[in-house]
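Below: the structure, in structure tokens.
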Number of protein chains: 2
Amino acid sequence: MKVDKFLDYKSRESSAMLITKKNQYALRAIFELAKHNGKGPRKISEIAKAQAIPAKFLEVILNQLKGSGMVNSKRGFYGGYYLIQPPEKITVGHIMRFLERDVDQTDCAALVPETQCPFKGQCTFFPMWNKVKAAIFNIYDETTIKDLIDNEKANVNCK
Amino acid sequence: MKVDKFLDYKSRESSAMLITKKNQYALRAIFELAKHNGKGPRKISEIAKAQAIPAKFLEVILNQLKGSGMVNSKRGFYGGYYLIQPPEKITVGHIMRFLERDVDQTDCAALVPETQCPFKGQCTFFPMWNKVKAAIFNIYDETTIKDLIDNEKANVNCK
DNA sequence: ACTTTCTTGACTATGAAAGTCGACAAACTT
DNA sequence: AAGTTTGTCGACTTTCATAGTCAAGAAAGT
């Protein structure tokens with residue numbers, strides 16, 4: 001069996017993640033499509049390899065992302081996925097919001113469903129959770145996929 | 001069997017939470033101790049009832065919080081937990097950081113352990129995750145427990 | 001003694017997230 | 001038209017951190 005370049009992509013994280021694996025994969029996949037933009041469809045298997053994402057899981061994610069209006073796909077030999085919006089028009093916020101569209105919008109910012117909140121309408125911490133949520137999405141919304149590509153070219157990364 | 005005021009505190013949340021239950025409970029417990037500050041120890045059972053926290057789980061949390069230097073406890077009939085720092089000196093950031101002290105500090109801001117990152121030292125998204133993390137803790141660090149009590153008195157809450 | 005309350009380590013349960021499978025449908029190749 | 005490649009889709013299984021529980025023991029007070 002061939003040893004994969006990324007040995008441990010399967011292992012789970014040890015601690016609470018700020019961003020789910022799925023959301024990270026979705027972001028990386030769209031980032032990868034953006035880097036390939038204008039060169040025709042990119043195959044799931046290629047994206048999976050380039051971005052160290054389990055291929056079968058990526059199928060599910062990309063298929064879901066078709067509903068967002070950001071990507072489209074084509075079957076057959078020269079098939080694959082491609083962006084239908086320019087990278088400078090897609091923000092991280094778009095991706096995050098789309099993947100969390102099923103979250104009830106009446107939930108508080110700590111993401112506790114209101115129906116399950118023991119302090120319905122009287123939660124002391126609500127304003128703070130809201131500030132946190134707003135601060136996060138402020139960053140997500142002002143970061144476009146093009147920005148991320150530009151950062152990579154400028155070598156603005158870890159370490 | 002007596003019906004609890006908070007029927008559904010046991011049910012799990014439906015979606016990914018920004019803040020874990022444990023961290024929320026810890027914050028609420030310290031908030032409760034702060035409201036009782038100067039009036040002697042507060043029993044676990046009282047805190048649990050006032051803040052709708054499973055008592056046995058709260059035992060674990062408060063016991064862990066003793067290591068933070070924020071609270072102390074006393075056994076026996078007039079026993080319970082009490083703050084050993086003034087509410088204006090304790091920030092939400094102190095609590096969050098303490099409860100996540102076991103997270104490896106070399107982990108990236110998306111909280112993916114560096115040893116498991118497929119893009120070791122080359123992650124394009126690192127700067128963004130760091131900005132998000134910084135934005136969150138900026139809010140946590142500037143919010144003291146006293147602030148939260150003041151907000152409650154001023155009725156600055158949900159809805 | 002007796003009661004109350006915290007202490008401690010070990011234990012179990014849960015369910016969302018993560019990942020997989022396989023039959024199928026479209027697109028292209030020859 | 002047969003064969004290959006690639007996406008489609010629903011159902012399925014696995015994982016494991018989070019959440020929550022238990023019970024015996026140790027302080028502290030009456």
Side-chain angles (χ1 to χ4, degrees), chain A residues 4 6 8-26 28-29 33 40-49 52-67 71-82 99-100 102-103 110-113 116, chain B residues 4 8-26 29 33 40-49 52-67 71-82 99-100 102-103 110-113 116:
Chain A
D4 198 277
F6 306 114
D8 46 15
Y9 72 84
K10 278 187 185 177
S11 48
R12 301 191 104 226
E13 313 312 326
S14 59
S15 55
M17 274 181 293
L18 202 53
I19 304 104
T20 63
K21 277 271 186 188
K22 186 180 176 185
N23 286 14
Q24 290 183 51
Y25 291 160
R28 298 219 295 259
L33 290 183
R42 191 104 211 256
K43 299 187 212 313
I44 292 179
S45 57
E46 289 173 350
I47 303 167
K49 197 174 181 189
I53 303 169
K56 277 288 181 184
F57 195 23
L58 183 57
E59 279 183 16
V60 176
I61 295 165
L62 280 172
N63 193 43
Q64 188 181 343
L65 281 172
K66 283 181 73 174
V71 305
N72 206 348
S73 63
K74 201 186 165 191
R75 297 197 226 197
F77 193 88
Y78 294 111
Y81 275 85
Y82 53 94
L99 292 172
E100 277 156 24
D102 46 334
V103 174
L111 293 182
V112 175
Q116 293 182 15
Chain B
D4 197 276
D8 46 15
Y9 73 84
K10 277 187 184 176
S11 50
R12 302 194 99 227
E13 313 311 328
S14 60
S15 57
M17 275 181 293
L18 202 54
I19 304 105
T20 62
K21 278 271 186 189
K22 186 180 176 185
N23 285 14
Q24 292 183 50
Y25 291 160
L33 290 183
R42 191 103 211 255
K43 298 187 213 312
I44 292 179
S45 57
E46 289 172 351
I47 303 166
K49 198 174 180 188
I53 303 169
K56 279 287 177 184
F57 194 24
L58 183 57
E59 283 183 11
V60 175
I61 295 165
L62 281 172
N63 192 45
Q64 188 181 342
L65 281 172
K66 283 182 72 174
V71 305
N72 207 349
S73 63
K74 201 185 164 191
R75 297 196 228 196
F77 194 87
Y78 294 111
Y81 275 84
Y82 51 95
L99 292 173
E100 276 156 23
D102 45 335
V103 174
L111 292 182
V112 175
Q116 293 181 18

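The chains referred to below are lettered A, B, ... by the order of the sequence lines, with proteins before strands, and numbering in each begins at 1.
Among the nucleotides D/dA23, D/dT8, D/dT21, the one closest to any side-chain atom of A/Glu59 is D/dT8. With C/dG19, C/dA17, D/dT8 as the choices, the nucleotide that has an atom nearest any side-chain atom of A/Phe57 turns out to be C/dG19. Of the candidates D/dC9, C/dG19, C/dA18, C/dG19 carries the atom nearest the A/Pro54 side chain, counting heavy atoms from C-beta on.
Nucleotide D/dA28 holds its C1' atom 14 Å from the CG atom of B/Asn72, rounded to whole Å. Summarising the geometry, the separation between CZ on A/Arg42 and P on D/dT6 is reported as 13 Å, rounded to the nearest angstrom. The separation between A/Ile19 atom CD1 and C/dA18 atom C1' is 17 Å, rounded to whole Å. Distance CG (B/Asn63) to P (C/dG9): 8 Å, rounded to an integer number of Å. If you measure from atom CG of A/Leu65 to atom P of D/dC9, you get 14 Å, rounded to the nearest angstrom. Put simply, CD1 on B/Ile61 is 18 Å from P on D/dA17, counting in whole angstrom units. Following rounding to the nearest Å, A/Lys43 (NZ) and D/dG7 (C1') show an atom-to-atom distance of 11 Å. The interatomic distance linking A/Gln64 (CD) with C/dG19 (P) rounds to 15 Å, in whole Å.
With sequence neighbours excluded, no residue forms a salt bridge (Lys or Arg N to Asp or Glu O under 4.0 Å) with B/Lys66. Listed by chain and residue number, nothing satisfies the ring-ring contact (aromatic ring centres under 6.0 Å, His included) test with B/Tyr78 (two or more places apart in sequence, or in another chain). For A/Lys43, there are no side chain to side chain donor-acceptor pair (under 3.5 Å) partners two or more places apart in sequence or in a different chain. Listed by chain and number, the residues in a ring-ring contact (aromatic ring centres under 6.0 Å, His included) with B/Phe57 are B/Tyr25 (sequence neighbours excluded).
The list of salt bridge (charged side-chain N to carboxylate O under 4.0 Å, His left out) pairs with a residue in residues 52-62 of chain B, not counting sequence neighbours, reads B/Lys56-B/Glu59.
Taken to the nearest 0.5 Å, the CD atom of B/Glu100 stands 10.0 Å off from the NZ atom of B/Lys22. With rounding to the nearest 0.5 Å, the separation of CG in A/Leu62 from CG in A/Asn72 is 11.5 Å. Put simply, CG on A/Asn23 and CG on A/Leu99 are 4.5 Å apart, with the number rounded to the nearest 0.5 Å.
B/Lys56 comes within 4.0 angstrom of a base, heavy atoms only. B/Ile44 comes within 4.0 angstrom of sugar-phosphate atoms only, judged by non-hydrogen atoms across all strands, and of no base.
Neither OP1 nor OP2 of D/dT6 sits under 4.0 Å from any side-chain N or O of A/Tyr81. For D/dT8, one of the phosphate oxygens OP1 or OP2 lies less than 4.0 angstrom from a side-chain nitrogen or oxygen of A/Lys66. Checking the phosphate oxygens (OP1, OP2) of D/dT6, no side-chain nitrogen or oxygen of A/Ser73 falls inside 4.0 Å. Considering only side-chain N and O atoms, A/Tyr25 lies under 4.0 angstrom from the phosphate OP1 or OP2 of C/dG19. Contact check, B/Thr20 against D/dA17: no side-chain N or O comes under 4.0 Å of OP1 or OP2.
Nearer the 5' end of DNA chain D, as judged by each residue's closest nucleotide, is the contact made by A/Gly79, out of A/Gly79 and B/Leu58.
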I'd like a table of atom pairs between the protein and nucleotides 26-30 of chain C - only N or O on both sides, under 3.5 Å - with the distance next to each one.
unit_1 : atom_1 : unit_2  : atom_2 : d
C/dC28 : OP1    : A/Lys74 : NZ     : 2.9

